[in-house]
There are 2 protein chains.
Amino acid sequence: MSTIHDVAKLAGVSIKTVSRVVNQEPSVRDATRERVQNAVDKLQYKPHNGARLMRSSKSNLIGLITSAISTVSRDPVKAGLSSIHIVKGVQQACREAGKTLLILDTEPDETDIQHHIDILLSHRVEGIIYILDHHRLIAPPVVQDTPFWLVNGYSTPSFPAVVPNDYMGQQLAVEHLVEQGHSRLAYVGLAVELEAGRLRREGFINAAESAGLTNEDVQTTYGMKLGETTPFSVLENVLKQLFEQQNRPTAICFGNDQMAMNAIPILHSLGLRIPEDVSIIGFDNDMAIVSGTRPALTTVTLPYQRMGNITAKKLLQQLSEPDQEQAEPYPIKVTGEVVIRQSVEKLNN
Amino acid sequence: MSTIHDVAKLAGVSIKTVSRVVNQEPSVRDATRERVQNAVDKLQYKPHNGARLMRSSKSNLIGLITSAISTVSRDPVKAGLSSIHIVKGVQQACREAGKTLLILDTEPDETDIQHHIDILLSHRVEGIIYILDHHRLIAPPVVQDTPFWLVNGYSTPSFPAVVPNDYMGQQLAVEHLVEQGHSRLAYVGLAVELEAGRLRREGFINAAESAGLTNEDVQTTYGMKLGETTPFSVLENVLKQLFEQQNRPTAICFGNDQMAMNAIPILHSLGLRIPEDVSIIGFDNDMAIVSGTRPALTTVTLPYQRMGNITAKKLLQQLSEPDQEQAEPYPIKVTGEVVIRQSVEKLNN
DNA sequence: CACCAAAATGACAACGTTGTCATTTACGTA
DNA sequence: TACGTAAATGACAACGTTGTCATTTTGGTG
């Protein structure tokens, strides 16, 4: 592999002039620049990033820690929305900024990431982004001098983090149902021990109250855990009870798409048509699920890609403007949006 | 960020002794080693990879070019099996060998990867793996001095490459059907302009011949393109014609899982039960598809993860034993295996 | 032509580590 | 205790580039 000295000798200039050409500095004559560029091309010279890094302290690398690749080949329906969508969002922002992403993938369920941090720091990455596989609180990682952001997880109010706004997302679902004329709602959600489960339930309850729905009109149940297939019999019992009562709901908000998908055949077996007899709405917009449901599922997006993009842009901004402080406390919450398909009917009332 | 000089000063030794401790060289006294390690821990010293790289010409990085991340969030059913499974296999082998993977993701359909190669070479990666999103022939990339492997694509017989053995995979499917007593088969496959489409069709025909099936017993049709949803009406017509004839097939080999999945409701609408009236078998073992079919689809795996793993191990072997030559011509073909579920019935005849 | 200022070019030190070889220390044996 | 050898430690050059400042070249003006 050729060095800057080889190029300088072939072009008949100093190594500094070669450096100026390669780095597109202005103060080089056109004829000189052309002569050097020809030598670069002929020798297929690639600058040595290690040497650059020693001199200029800019690696041009952004470190990314994720378990998305290890987990992406699990059963897509059971696994929930893959955090690789977050990776994609991060990647887009880095590509636009001309930064190279150094992705380190952890084993699933691996919580000690210090070894990964050490690798990234030895490569002198300019910043680190750690993507969690589901929304939760973690202890703050200890990293000096290098900007560090969490995505899909959070720590202290001073630690940079971006999370999905599960609360607002579920509110949007309720607002959509109410707007479509629904006034008797049920919520079948995730376990409240889960961050997302708790926030989505709270969002549902608050939105129902804000819409003036009384306790008679609103029924909530929960208990399903992320990552587990909803046992058919459990969901079946829940739905049976909902429809054995006098004030049957006209619409059901599910805590995620998987529950909504599993509910479809159960509701059919109860003699209910969707959306004519009961409307349903999911959460996540998981294409592995919604692309297969009949009728096509109306749902709320889990804005993973946007979260990744926002995080990377914030980090990059932090790098280019080191004195700018984040005004708001963390985490930054990103709200999804309703994707209207065919599982919600408009009522005339 | 502290340097080796800071550690040496704190521990009261030379920088070379610090280097010996950090690199776990043997010739250091235990007491000295402990003193140095304490200083390393106290200062949170991380070796500077750029400096190491300049001195030792070993980056410990393996470069990977793929479009898997950009494409993974497309509709999983339409996209075909994601090449991220290949990435996972590469990752496993690199992790075991203690190498860090530098993943560069291209835009979908981007064919000029020279810019990505340049980035990787400037980081002095020890080897490069280029993953193609589907099995095809490409022009040989020009890279000097650095080992370069293709996965899911191939070039000249001297260019290192690993591809799926589509031919053998489809043979396995036929052999399984024959073993289950089926003697009247149909093949509904991918377009033969596609590498996989051509090889799978050839594999089907050859396996049927080898099994002694006559032309009367075997019917082939093809024309579907990878990446496009099979138009329902086209597939419907194909299947109708198959079952309007006197010698109806007892089993259908599909060129991929997506076609098999789409065929299920059509066969039902023709009054055919699966597998009682007609057995079906897919190809790819795409969990985004097979996890949702009823009955559960018997299929042949597209061994992406294994291909990735084999490639990385070959590359790593090339790095540790540079004089070893690959005995066989390229590409190396990796055969999948039959995954038995419920869509193939055993006939008594 | 002489002078001045701006543009272009070059010399060389420094970045943080490892490889090489010289020097010092410790241990075992006679 | 002296000697020899092996183990441990240290000095310093080199890796390939960029930053800094000195030097040279060029162009314009009087």
Side-chain angles (χ1 to χ4, degrees), chain A residues 1-37 39-40 43-61 118-126 145-146, chain B residues 1-37 39-40 43-61 100 118-126 144-146:
Chain A
M1 187 124 340
S2 54
T3 73
I4 202 167
H5 289 277
D6 303 320
V7 178
K9 186 166 184 181
L10 184 61
V13 296
S14 71
I15 57 174
K16 182 63 193 178
T17 298
V18 176
S19 180
R20 289 193 179 101
V21 171
V22 166
N23 293 303
Q24 288 156 350
E25 288 184 27
S27 52
V28 184
R29 277 205 201 93
D30 284 352
T32 309
R33 189 179 297 271
E34 186 174 342
R35 199 160 80 240
V36 171
Q37 191 60 53
V40 166
L43 293 173
Q44 298 189 27
Y45 167 68
K46 306 289 188 291
H48 190 297
N49 196 266
R52 285 178 164 197
L53 181 54
M54 276 175 58
R55 192 60 195 155
S56 65
S57 297
K58 290 289 180 188
S59 67
N60 219 42
L61 293 171
D118 288 348
I119 292 178
L120 293 176
L121 291 178
S122 77
H123 284 277
R124 299 305 194 260
V125 292
E126 297 178 26
D145 296 333
T146 303
Chain B
M1 185 124 337
S2 54
T3 71
I4 202 167
H5 290 278
D6 303 320
V7 176
K9 188 167 184 180
L10 183 60
V13 297
S14 72
I15 58 173
K16 182 63 193 176
T17 298
V18 176
S19 181
R20 288 193 180 100
V21 172
V22 165
N23 293 304
Q24 289 156 349
E25 288 183 27
S27 51
V28 183
R29 279 207 200 89
D30 285 353
T32 308
R33 189 179 296 271
E34 187 175 342
R35 199 160 81 239
V36 171
Q37 190 60 52
V40 166
L43 294 172
Q44 297 189 30
Y45 167 68
K46 308 289 187 292
H48 189 296
N49 196 264
R52 285 180 164 195
L53 181 52
M54 277 176 58
R55 192 60 196 156
S56 64
S57 297
K58 290 288 180 190
S59 68
N60 220 40
L61 292 171
T100 303
D118 288 349
I119 292 178
L120 293 176
L121 291 179
S122 77
H123 284 277
R124 299 301 193 262
V125 292
E126 296 179 27
Q144 296 175 345
D145 296 332
T146 302

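Sequence lines set the chain letters: A, B, ... in the order given, protein chains first and strands last, and positions in each chain run from 1. Everything quoted here is computed from the prediction, not taken from an experiment.
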> Respond yes when some side-chain nitrogen or oxygen of B:Thr17 is under 4.0 Å from OP1 or OP2 of D:dG10, and no when none is.
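So the side-chain polar atoms of B:Thr17 do come within 4.0 Å of the phosphate oxygens OP1 or OP2 of D:dG10, strictly under.
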
> Taking atom C1' of D:dT9 as reference, at what distance in whole Å does atom CZ of B:Arg35 sit?
11 Å

> Please enumerate all residues that pass side chain to side chain donor-acceptor pair (under 3.5 Å) together with A:Gln37, with sequence neighbours excluded.
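Here the qualifying residues are A:Asp41.
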
> Taking the nucleotide of DNA chain C with the closest heavy atom to each, which residue, B:Ser56 or B:Arg29, is nearer the 5' end?
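Result: B:Ser56.
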
> Using the 3.5 Å cut-off, write out each protein N or O paired with an N or O of nucleotides 13-15 of chain D and the distance between them.
| residue | atom | partner | partner atom | Å |
| --- | --- | --- | --- | --- |
| D:dA14 | N3 | B:Arg55 | NH1 | 3.2 |

> OP1 or OP2 of D:dT17 versus the side-chain N and O atoms of A:Ser19: is any pair under 4.0 Å?
no

> Mind checking if B:Asn49 touches a base, just sugar-phosphate, or nothing, with heavy atoms under 4.0 Å?
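Nothing, no nucleic acid heavy atom in range.
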
> Are A:Arg20 and C:dT9 close enough that a side-chain N or O sits under 4.0 Å from OP1 or OP2?
no

> Nearest-Å distance, NE2 (B:His48) to P (D:dG16)?
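Spelled out: NE2 on B:His48 to P on D:dG16 is 16 Å.
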
> List for me each residue that meets side chain to side chain donor-acceptor pair (under 3.5 Å) alongside B:Ser2, sequence neighbours excluded, and say none if there are none.
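So B:Ser2 forms no side chain to side chain donor-acceptor pair (under 3.5 Å) with any residue.
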
> Do you know the tightest heavy-atom contact between A:Val36 and A:Val7?
O-CG1, 4.2 Å

> For B:Ser59, enumerate each residue passing the side chain to side chain donor-acceptor pair (under 3.5 Å) test, keeping only those at least two apart in sequence or located in another chain.
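If we apply the side chain to side chain donor-acceptor pair (under 3.5 Å) test to B:Ser59, skipping adjacent residues, there are no hits.
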
> Heavy atoms, side chains only, cut-off 4.5 Å: are B:Arg20 and B:Val13 in contact?
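B:Arg20 does not reach B:Val13 side chain to side chain.
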
> When the distance from CZ of B:Arg124 to P of D:dG16 is rounded to whole Å, what number comes out?
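Atom-to-atom, B:Arg124 to D:dG16, this comes out as 8 Å.
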
> Rounded to the nearest Å, what distance is computed from the CD1 atom of residue B:Ile4 to the C1' atom of nucleotide C:dT18?
8 Å

> Can you list the stems that DNA chain D is part of, where a stem is at least 3 pairs in a row, each Watson-Crick or G-U, with both distances below 3.5 Å?
C:1-30 with D:1-30

> Is there a side-chain polar atom (N or O) of B:Ser14 under 4.0 Å from OP1 or OP2 of D:dG10?
yes

> Rounded to the Å, how far apart are B:Leu53 CG and C:dT18 P?
12 Å

> Of all the heavy-atom pairs spanning A:His123 and B:Asn49, show the shortest one and how long it is.
CE1-OD1, 3.3 Å

> If you count heavy atoms of other groups shown closer than 6.0 angstrom to CD of A:Glu25, is the number above 12?
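Buried by this count: over 12 neighbours within 6.0 Å.
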
> In whole angstroms, how far is the P atom of C:dA26 from the CG atom of B:Asp30?
15 Å

> What closest approach, in Å, do B:Leu53 and B:Lys58 show between heavy atoms, and which atom pair accounts for it?
CD1-C, 3.8 Å

> Without decimals, in angstroms, what is the distance between B:Lys58 NZ and C:dT18 C1'?
14 Å

> Could you state the NZ-P distance from A:Lys16 to D:dT20, rounded to the nearest angstrom?
9 Å

> Here's a test of your reading of the structure: between A:Arg52 and B:Pro26, which maps to the more 5' nucleotide of DNA chain D?
B:Pro26

> OP1, OP2 of C:dT9 versus side-chain N and O of A:Thr32: anything below 4.0 Å?
yes

> Within the distance-only criterion (no hydrogens, no angle test), does the side chain of A:Arg55 pair as donor or acceptor with the backbone N or O of A:Arg52 below 3.5 angstrom?
no

> State which residues pass side-chain contact (heavy atoms from CB on, under 4.5 Å) with B:Ile4; sequence neighbours excluded, sorted by chain then number.
B:Ile15, B:Val18, B:Ser19, B:Tyr45

